[in-house]
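Below is one structure, written out as structure tokens, with a few remarks after it.
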Amino acid sequence: LKRHPEFISKTENMINIKIVNDTLNKKGLKILIINKNDQEIDISWHCAITGKHKSKKHDLMSAMRIAIDKQINDYRINNKKNNCKLCNTDKDLDVDHSIEEESAFDQLVVKFLESYNILKENLPNKFAELNDNTHRRCFLQSDVEFEEKWIKYHKEHAKLRMLCHMCNIRQKKTKKKLQLD
């Protein structure tokens with residue numbers, strides 16, 4: 001953990017460490033630092049391995065995914081009786097942004113920024129952390145206008161579908177990606 005870029009600040013009052021199941025990835029684990037007043041602070045084992053912070057793009061994309069979380073959950077609820085669009089199974093289904101309809105998440109982000117002429121230097125670059133024990137990034141109140149435009153754009157342009165987890169992770173990746181770092 002000493003390789004983590006924020007190791008000193010995160011471990012300043014550390015009295016213990018615990019490893020728990022990740023809230024989002026039930027098969028994954030996460031590390032929490034417990035400090036003197038029993039506060040739990042997450043520390044990314046991935047950042048510790050690389051010795052680097054997550055990229056600006058990672059934080060932005062995370063916040064953009066959180067912003068449209070309600071749309072994704074609504075789609076999941078309204079389509080829970082559907083099968084995988086590729087292999088027809090009804091097991092372990094994910095909501096996917098359809099790359100065949102040029103609606104892959106990365107593509108949507110690039111098209112959104114282009115349609116509003118948003119330059120890289122005008123993108124939100126500071127984020128809050130969700131208070132749901134997942135440690136995901138979300139937009140600050142100061143970026144509410146950007147967030148609302150994104151939510152509206154996604155609602156109007158996203159083409160979603162249900163895929164089983166295996167078909168989803170086997171999908172080819174889009175070539176049109178946001179370049180920040």
Side-chain angles (χ1 to χ4, degrees), residues 1 4 17-33 40-50 52-113 124 127-139 147-148 150-181:
L1 294 180
H4 193 284
I17 295 175
K18 74 177 182 181
I19 300 172
V20 297
N21 286 80
D22 189 283
T23 308
L24 291 175
N25 177 6
K26 301 294 184 211
K27 296 177 184 175
L29 299 172
K30 68 179 178 180
I31 301 171
L32 297 172
I33 293 171
E40 295 181 352
I41 301 165
D42 71 302
I43 186 163
S44 167
W45 59 266
H46 187 265
C47 289
I49 289 170
T50 65
K52 299 177 185 173
H53 283 283
K54 292 189 172 136
S55 69
K56 291 177 185 176
K57 178 184 174 182
H58 177 274
D59 287 347
L60 175 65
M61 297 297 260
S62 178
M64 292 179 86
R65 285 187 184 279
I66 293 304
I68 52 112
D69 211 26
K70 182 178 178 346
Q71 290 176 29
I72 300 300
N73 287 333
D74 288 348
Y75 186 86
R76 181 178 289 111
I77 290 165
N78 293 330
N79 293 277
K80 65 183 171 189
K81 293 183 180 172
N82 288 358
N83 291 353
C84 174
K85 292 287 186 218
L86 299 179
C87 74
N88 208 35
T89 186
D90 62 352
K91 305 283 187 251
D92 201 18
L93 297 175
D94 297 333
V95 177
D96 175 59
H97 287 81
S98 177
I99 192 168
E100 286 81 6
E101 296 188 55
E102 296 194 6
S103 179
F105 189 78
D106 274 301
Q107 287 175 304
L108 281 177
V109 169
V110 171
K111 289 177 185 177
F112 163 71
L113 298 176
F127 303 92
E129 189 173 284
L130 280 182
N131 193 14
D132 66 351
N133 207 25
T134 63
H135 312 289
R136 294 176 292 170
R137 300 290 180 242
C138 60
F139 289 109
E147 181 179 18
E148 288 173 352
W150 164 242
I151 291 169
K152 182 176 186 263
Y153 185 89
H154 185 272
K155 180 108 176 127
E156 293 171 358
H157 296 92
K159 305 288 188 256
L160 303 174
R161 63 187 177 173
M162 298 303 287
L163 291 184
C164 72
H165 186 69
M166 289 309 295
C167 286
N168 191 10
I169 62 173
R170 288 182 184 146
Q171 287 294 292
K172 63 181 180 180
K173 303 298 179 202
T174 180
K175 291 180 178 149
K176 191 169 190 175
K177 292 185 181 265
L178 179 62
Q179 301 294 322
L180 287 183
D181 301 319

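All heavy atoms count here, side chains included; hydrogens, waters and symmetry mates do not. Remember, predicted model here, so these are calculated numbers, not experimental data.
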Return the orientation label for the Phe105 and His97 ring planes: parallel under 30°, perpendicular over 60°, tilted otherwise.
-> perpendicular
Spacing of [X] atom [atom1] and [Y] atom [atom2] [to the nearest 0.5 Å]:
{"X": "Leu160", "Y": "Ser103", "atom1": "CG", "atom2": "OG", "value": "6.5 Å"}
{"X": "Cys138", "Y": "Glu147", "atom1": "SG", "atom2": "CD", "value": "8.0 Å"}
{"X": "Gln107", "Y": "Lys173", "atom1": "CD", "atom2": "NZ", "value": "12.0 Å"}
{"X": "Lys81", "Y": "Asp90", "atom1": "NZ", "atom2": "CG", "value": "12.5 Å"}
{"X": "Asp69", "Y": "Leu130", "atom1": "CG", "atom2": "CG", "value": "8.0 Å"}
{"X": "Asp74", "Y": "Asn78", "atom1": "CG", "atom2": "CG", "value": "6.5 Å"}

Criterion side chain to side chain contact (heavy atoms under 4.5 Å, CB included) on Leu86 and Met166, from CA distance to verdict = CA-CA 10 Å; Leu86 299 179; Met166 289 309 295; over 6 Å; no
Which pair of heavy atoms, one from Leu178 and one from Leu113, lies closest together, and at what distance?
->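 So the two residues come closest at CD1-CD1, 3.6 Å.
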Closest non-hydrogen atom pair, Phe139 against Ala63 |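 Taking Phe139 first and Ala63 second, the nearest heavy atoms are CE1-O, 3.4 Å.
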Main-chain N/O of [Y] paired to [X] side chain as donor or acceptor, under 3.5 Å:
{"X": "Lys85", "Y": "Ser98", "result": "no"}
{"X": "Trp150", "Y": "Met64", "result": "yes"}
{"X": "Lys155", "Y": "Gln71", "result": "no"}

Evaluate the criterion side chain to side chain contact (heavy atoms under 4.5 Å, CB included) for residue pair Lys70 and Asn73; output intermediate values, then yes/no.
-> CA-CA 5 Å; Lys70 182 178 178 346; Asn73 287 333; 5.8 Å; no
Going through the checks in order, is the side chain to side chain contact (heavy atoms under 4.5 Å, CB included) test met by Tyr153 and Lys111?
-> CA-CA 9 Å; Tyr153 185 89; Lys111 289 177 185 177; 3.2 Å; yes
For the pair Arg137 and Glu129, find out whether any cationic side-chain nitrogen is under 4.0 Å from an anionic carboxylate oxygen.
->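 Salt bridge between Arg137 and Glu129, a charged N being under 4.0 Å from a carboxylate O: yes.
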State whether Arg161 and Glu100 are salt-bridged, where the test is any N-O pair (Lys NZ or Arg NE/NH1/NH2 against Asp/Glu carboxylate O) under 4.0 Å.
-> yes
Scan Leu93, Asp96, Val95, Ile169 and name whichever one has a side chain to side chain contact (heavy atoms under 4.5 Å, CB included) with Leu163.
-> Asp96
Scan His4, Lys30, His53 and name whichever one has a side chain to side chain contact (heavy atoms under 4.5 Å, CB included) with Ser44.
-> His4
Would a 4.5 Å heavy-atom cut-off, applied to side chains only, mark Leu60 and Val109 as touching?
->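 No, side chains not in contact.
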Cys47 side chain reached by Lys54 side chain, heavy atoms, under 4.5 Å =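 Yes, side chains in contact.
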Cut-off 3.5 Å, side chains only: do Asn82 and Asn79 have a donor facing an acceptor?
-> yes
